[in-house]
Amino acid sequence: MRVLFAGTPAVAVPSLDALVKAGFEVAAVLTRPDAPVGRKRVLTPSPVAARAADLGIEIIHAARVDAEATARISGVNPDVAAIVAYGGLVPPAALGIPRHGWINLHFSLLPAWRGAAPVQRAIMAGDDVTGAVTFQLEEGLDTGPVFGTLTESVGPEDTAGELLERLSHSGAVLLAQTLSAIEAGKAFPQPQAGEVSHAPKLTLEDGHLQWNHPALAIGRQARGVTPEPGAWTFLDGQRVKLEPVRLRPDVTGLAPGTLFLEGKSVLVGTGSHAVELTRIQPAGKKMMAAADWARGMASLESVVFE
């Protein structure tokens, strides 16, 4: 079965590898164009493009599936298209090209968390369990019938990056199994059932920690935005980046945003109990241990996060 694979970030690479390993003929890869990376803004291929190049697979670069990209997809003559975090919508003209349609690997238990940031939003909402599904792509946003499902527990210290890494590998197996079932004529997708929730793409503001919120919510927020866009706060009018915090229910009475040094632990007050900073990146400096940063401060008494 000839497959068009569509994907862009690192979490899509295990799926590409799984399809190749399973013996599918991956005729081409659709991915977003090279993008500037790092402080020097070096133009860099997407992780999927880099892997496709290693495998000797034809690459179709497209920021969106326009008429030109659609024509190139048609020229590949795929039996099915597998899509994992491509980063763009697939219009009706392209949806109808493969005879088995487009099969999407999505990192949530649909219809929960339809959208671009399902894992991040699940962590921020405090979900204990998430997962991944394969479903038939339609014009609606993540609305198609589901082929297969897997579940994954959300650990109390899981960041979005760590959870996505696990799901990218287990989900790759699910995707290969789904395509195998389709090829064998044994795949029977079922309509989605349950409560619908949405997971819009994260913005920089989603990482701004609000210290008057309860500690538990702050902890979930910080884990959900790690590694991107990252948790942050204001200090003396400048944006300071933070890695996920630890909950300290044993420390109460600190005003929201107020800092306190307890031995080598740097604590911050919230709307409930305190949290403990792990690592901090002051403006213009590298990420460092919170204790090291505190030692470089004359005093924490007048320091307040906003």
Check step by step if side chain to side chain contact (heavy atoms under 4.5 Å, CB included) holds for L164 and Q120. CA-CA 9 Å; L164 266 171; Q120 296 90 331; 4.1 Å; yes
Does the side chain of [X] reach to within under 4.5 Å of the side chain of [Y], using non-hydrogen atoms?
X: D66; Y: R64; result: yes
X: I103; Y: F135; result: no
X: R121; Y: P200; result: yes
X: K241; Y: I280; result: no
X: Q210; Y: I218; result: no
X: V65; Y: I73; result: yes
X: V266; Y: F260; result: no
X: Q190; Y: V146; result: no

Short question: side chain of [X], backbone of [Y] - any donor-acceptor pair under 3.5 Å?
X: T8; Y: G87; value: no
X: S272; Y: A215; value: yes
X: Q221; Y: D206; value: yes
X: T178; Y: L174; value: yes

Heavy-atom pair of closest approach, residues [X] and [Y]:
X: P9; Y: A85; result: CD-O, 2.9 Å
X: T203; Y: P229; result: O-CG, 3.3 Å
X: L109; Y: A132; result: CD2-N, 4.1 Å
X: A112; Y: S108; result: O-OG, 2.6 Å
X: L247; Y: L216; result: CD1-CD1, 3.9 Å
X: A222; Y: V245; result: CB-N, 4.4 Å

What's the separation between atom [atom1] in [X] and atom [atom2] in [Y], rounded to the nearest 0.5 Å?
X: D79; Y: F24; atom1: CG; atom2: CZ; result: 10.5 Å
X: R279; Y: D292; atom1: CZ; atom2: CG; result: 9.0 Å
X: H169; Y: E165; atom1: NE2; atom2: CD; result: 4.0 Å
X: L202; Y: M124; atom1: CG; atom2: CE; result: 6.0 Å
X: S168; Y: L175; atom1: OG; atom2: CG; result: 12.0 Å
X: W211; Y: T270; atom1: CH2; atom2: OG1; result: 8.5 Å

Just wondering, more than 12 heavy atoms not from [X] lying within 6.0 Å of its [atom1]?
X: L89; atom1: CG; value: no
X: E68; atom1: CD; value: no
X: E139; atom1: CD; value: no
X: D250; atom1: CG; value: yes

What pairs with D17 under salt bridge (charged side-chain N to carboxylate O under 4.0 Å, His left out), at least two apart in sequence or on another chain?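 In terms of salt bridge (charged side-chain N to carboxylate O under 4.0 Å, His left out), with neighbours along the sequence ignored, D17 is linked to R51.
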Treating Ile, Leu, Val, Met, Phe, Trp and Tyr as nodes and any side-chain heavy-atom pair under 4.5 angstrom as an edge, say whether [X] and [Y] lie in one connected cluster.
X: V275; Y: I123; value: no
X: L277; Y: V240; value: yes
X: V48; Y: F107; value: yes
X: V11; Y: V225; value: no
X: V84; Y: V80; value: yes

Under 3.5 Å, is there a donor-acceptor pair linking the side chains of [X] and [Y]?
X: E138; Y: T143; answer: yes
X: Q192; Y: R114; answer: yes
X: D142; Y: W113; answer: no
X: T31; Y: S46; answer: yes
X: T226; Y: T159; answer: no

Does anything in residues 210-223 form a salt bridge (Lys or Arg N to Asp or Glu O under 4.0 Å)? List the pairs, not counting sequence neighbours.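 Passing the test, one end in residues 210-223: no pairs.
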Kindly indicate, with the supporting measurements, whether the criterion side chain to side chain contact (heavy atoms under 4.5 Å, CB included) is fulfilled by L267 and L259. CA-CA 6 Å; L267 308 179; L259 276 74; over 6 Å; no
Mind running salt bridge (Lys or Arg N to Asp or Glu O under 4.0 Å) on E157 and R246 for me, showing each step along the way? CA-CA 9 Å; E157 296 185 357; R246 299 189 184 101; 5.8 Å; no
Is there a side chain to side chain contact (heavy atoms under 4.5 Å, CB included) between V268 and T258 once you walk through the steps? CA-CA 5 Å; V268 188; T258 300; over 6 Å; no
After noting the C-alpha distance and the side-chain angles of R166 and D158, does the key distance pass the salt bridge (Lys or Arg N to Asp or Glu O under 4.0 Å) rule? CA-CA 11 Å; R166 298 204 302 272; D158 274 339; 2.8 Å; yes
Applying side-chain contact (heavy atoms from CB on, under 4.5 Å), can you list everything that pairs with I83, at least two apart in sequence or on another chain?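 Only A6, Y86, V90, W102, N104, L137 meet the side-chain contact (heavy atoms from CB on, under 4.5 Å) criterion with I83.
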Kindly assign one of parallel, tilted or perpendicular to the pair W232 and H208, based on the angle between their ring planes and the thresholds 30° and 60°.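 Rings of W232 and H208: parallel, as their planes differ by under 30°.
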Evaluate the side chain to side chain contact (heavy atoms under 4.5 Å, CB included) criterion for residues R248 and E262: first the C-alpha distance (whole Å), next the side-chain angles of each, then the deciding distance (0.1 Å), finally the verdict. CA-CA 12 Å; R248 288 293 302 272; E262 180 190 69; 2.7 Å; yes
